[in-house]
Amino acid sequence: MKKYIYILLSMWCLSGCSNMLDIDSQMSLDANQELKTEDVDKLLNGLYAAIVNSNNYSYCTNMYPEYLSDNLKLVNPQFFQIQDAYNHEILEDDILNYYNYPDLYKGIYRANTILGVPSASESQKAIAKYCRAYNYIRLIDLYGAVPIIDENYDKQPIQRSSEKKVMEFIVSDLLDAKAHAPEFNTNTPEANTKPTKEAAQALLARVYRMQGRLDLAGQEAESLITSGKFSLSDNPAEKDKEVIMYFATLTSATSNAGWGYIMSWEARNWNCLAVADEVVALLKGNDTRKILYELDEAADRKGYVFPSSAKYKNTENWDSEFYVSRLPEMYLISAEAGNSNRLTEFQAKRKSSLTLKEERRLELALEFVRWRDQKMEGETYLMPFPKESIAANPLLRGDILE
């Protein structure tokens, strides 16, 4: 019987999804044959798509870290599930969470598939590990202790691993990605749309910071700052040279169903969230980041402030780019690790004089990192596992592997 590697994988015991969601794609690649480089690249494209558009509700589920954080305020949440997330009152039978938890594993399964392809190059496997690590970061940010599913997983019920253990797994993947992923090439158009060695370093800096290993975080951050491949922009809206890694969302294959639309005045009669007053208040004096927000329109919008199209790389908020890492974060991590000159340099570009903590909140607002910062400051709320996932894998309620 032939063995097949599917571009779209069924979620098996962890999913808790309906049969409709468990149907394998009819598009498949025969693993008994030697897969060509371009075939593995197709699998990688499917992996990227799973990260930015994991299900039909990605315009909501991608936003969970922001709903939970203090970066936004409600304008009109037509979906009560969004209000529940905002209030930290998500239920086990929440329909958006029903999709969110298993579909974060969709990307992990796709990464594991690529890691199991004998003909996949070390570079392709490194890219898959970067993506797997990124989705595990998203999982522990939202759910804390989660099962570690690697390429050797036997599809049996599995215990959760502690957040510490998952972070160690993430670091291992990122170190491999740093060693074997292709280097960022400044002469390659849109080189920052695919995982690179430098992208792995940026995530390593973030995860080391999460672990409290600021010395290592600072080393990775400094390496990126001094590489000469990226630079701070005088105009925050012109951020091409600042972006280390983002997932492009301009094609139907990788569309994220318009999560950026939710943060716009146009969505005021649907599901709409504005920027929190505390974030807006940080935009003082001649701060160059004012261009990233529609401040002048607030008076006609009941005082609500929304990000402008300049906040993201795409010129339209509807399908906003999915930023993962930018150089400003590296400056702020380096400063936190003890290099105060980096804060001075950063603030000279932004024409700002906030505290380091305030700079971090403003600079990285609406980029999916604020919730982790709040957790590092003592926030303890975790999203519940969906009841369907618990039914499929009862060990989700069992002991945690330390």
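What you see is a predicted model; the values in this text were computed from it and never measured.
Applying the side chain to side chain contact (heavy atoms under 4.5 Å, CB included) rule to Val280 yields the partners Val275, Leu295, Val305; only residues at least two apart in sequence or on another chain are considered. Judged as a side chain to side chain contact (heavy atoms under 4.5 Å, CB included), and not counting sequence neighbours, Pro394 has no contacts.
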- Using the side-chain contact (heavy atoms from CB on, under 4.5 Å) rule, take Met383 and Leu68 through it: C-alpha gap first, then chi angles, then the decisive distance, then the call. CA-CA 9 Å; Met383 291 175 61; Leu68 296 173; 4.0 Å; yes
- Item | Check against side-chain contact (heavy atoms from CB on, under 4.5 Å), Glu329 and Leu364 | CA-CA 7 Å; Glu329 180 184 7; Leu364 303 177; 4.0 Å; yes
- Output, in order, the C-alpha distance, side-chain angles, deciding distance and verdict of salt bridge (Lys or Arg N to Asp or Glu O under 4.0 Å) for Glu198 and Lys178. CA-CA 7 Å; Glu198 290 77 8; Lys178 176 184 173 182; over 6 Å; no
- Message: Between Gln201 and Ser223, is the side chain to side chain donor-acceptor pair (under 3.5 Å) condition met? List the steps.
- Response: CA-CA 8 Å; Gln201 285 184 271; Ser223 176; 3.0 Å; yes
- Under the side-chain contact (heavy atoms from CB on, under 4.5 Å) criterion, do Tyr304 and Glu297 qualify, and how do the steps go? CA-CA 8 Å; Tyr304 293 123; Glu297 295 84 351; over 6 Å; no
- Message: Using the rule given for side-chain contact (heavy atoms from CB on, under 4.5 Å), can you reason through Leu273 versus Met63, listing the C-alpha separation, both sets of side-chain angles and the distance that settles it, and then say yes or no?
- Response: CA-CA 11 Å; Leu273 296 99; Met63 288 290 293; 5.7 Å; no
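Nearest heavy-atom pair, Glu359 versus Leu343, reported as atom, atom and distance to 0.1 Å: CG-CD1, 4.2 Å. Counting all heavy atoms, side chain and backbone alike, Ile90 lies closest to Pro384 at O-CG, 3.4 Å. Closest non-hydrogen pair, Asp141 versus Lys375, comes out as O-NZ, 3.3 Å. Contact record, Asp287 with Leu362: OD2-CD2, 3.8 Å, taken as the closest heavy-atom pair. Across every non-hydrogen atom of Lys129 and Asp173, the tightest pair is CD-OD1, 3.5 Å.
The backbone N or O of Ile244 sits nowhere less than 3.5 Å from a side-chain atom of Asn192 that would complete a donor-acceptor pair. Remark: the backbone N or O of Glu66 is paired with a side-chain donor or acceptor of Ser69 at under 3.5 angstrom. Between the Glu379 side chain and the Tyr381 main chain, a donor and an acceptor come within less than 3.5 Å of each other. Thr196 places a side-chain N or O within donor-acceptor distance of the main-chain N or O of Ala199, the cut-off being under 3.5 Å. Counting only distance, with no hydrogens or angles, the side chain of Lys239 and the backbone of Ala310 share a donor-acceptor pair below 3.5 Å. The backbone N or O of Glu89 sits nowhere less than 3.5 Å from a side-chain atom of Asn87 that would complete a donor-acceptor pair.
The neighbour count for Lys165 NZ, taken as heavy atoms of other residues, nucleotides or ligands under 6.0 Å away, does not exceed 12. Annotation: Lys229, atom NZ; neighbour count of heavy atoms from other residues, nucleotides and ligands within 6.0 Å is above 12. The environment of CG in Asn286 is sparse: at most 12 heavy-atom neighbours from other residues, nucleotides or ligands sit within 6.0 Å. More than 12 heavy atoms of other residues, nucleotides or ligands shown are found within 6.0 angstrom of CG on Asn185. By the neighbour-count criterion of 12 heavy atoms within 6.0 Å, atom NZ of Lys290 is densely surrounded, having more than that number from other residues, nucleotides or ligands.
Checking Gln159 against Asp399 by side-chain atom types alone, no donor-acceptor pair falls below 3.5 Å. Looking only at atom types and distance, the side chain of Glu294 has no donor-acceptor partner in the side chain of Ser308 under 3.5 Å away. Side-chain contact of Gln81 with Asn97: a donor-acceptor pair under 3.5 Å is absent, judged by distance alone.
Ser352 pairs with exactly one of Lys284, Arg289, Glu358 by the side chain to side chain donor-acceptor pair (under 3.5 Å) rule, that one being Arg289.
Residues Tyr246 and Phe322 keep their aromatic ring centres 6.0 Å or farther apart. For an aromatic pair to be called close, the ring centres must be under 6.0 Å apart, and Phe247 with Tyr323 fails this. Centroid-to-centroid, the aromatic rings of Phe368 and Tyr64 stay 6.0 Å apart or farther.
Applying the ring-ring contact (aromatic ring centres under 6.0 Å, His included) rule to pairs touching residues 382-402 yields Tyr101-Phe385, Tyr143-Phe385, sequence neighbours excluded.
Ion pairing of Asp373 with Arg209 is present here, as a side-chain N (NZ or NE/NH1/NH2) and a carboxylate O approach within less than 4.0 Å. Salt-bridge annotation for Lys357 and Glu377: present, with a side-chain N of the basic residue lying under 4.0 Å from a carboxylate O of the acidic one. Using a 4.0 Å cut-off between charged side-chain N and carboxylate O, Arg397 and Glu92 make a salt bridge. Checked for salt-bridge contact, Glu151 and Arg132 meet the test: a charged N lies under 4.0 Å from a carboxylate O. Using a cutoff of 4.0 Å between basic side-chain nitrogens and carboxylate oxygens, Glu336 and Arg342 are not scored as salt-bridged. A salt bridge links Arg326 with Glu367: the closest approach of a Lys/Arg side-chain nitrogen to an acidic carboxylate oxygen falls below 4.0 angstrom.
Ring geometry for His88 against Trp371 counts as perpendicular: the plane angle is over 60°, on a 0 to 90° scale with 30° as the lower cut.
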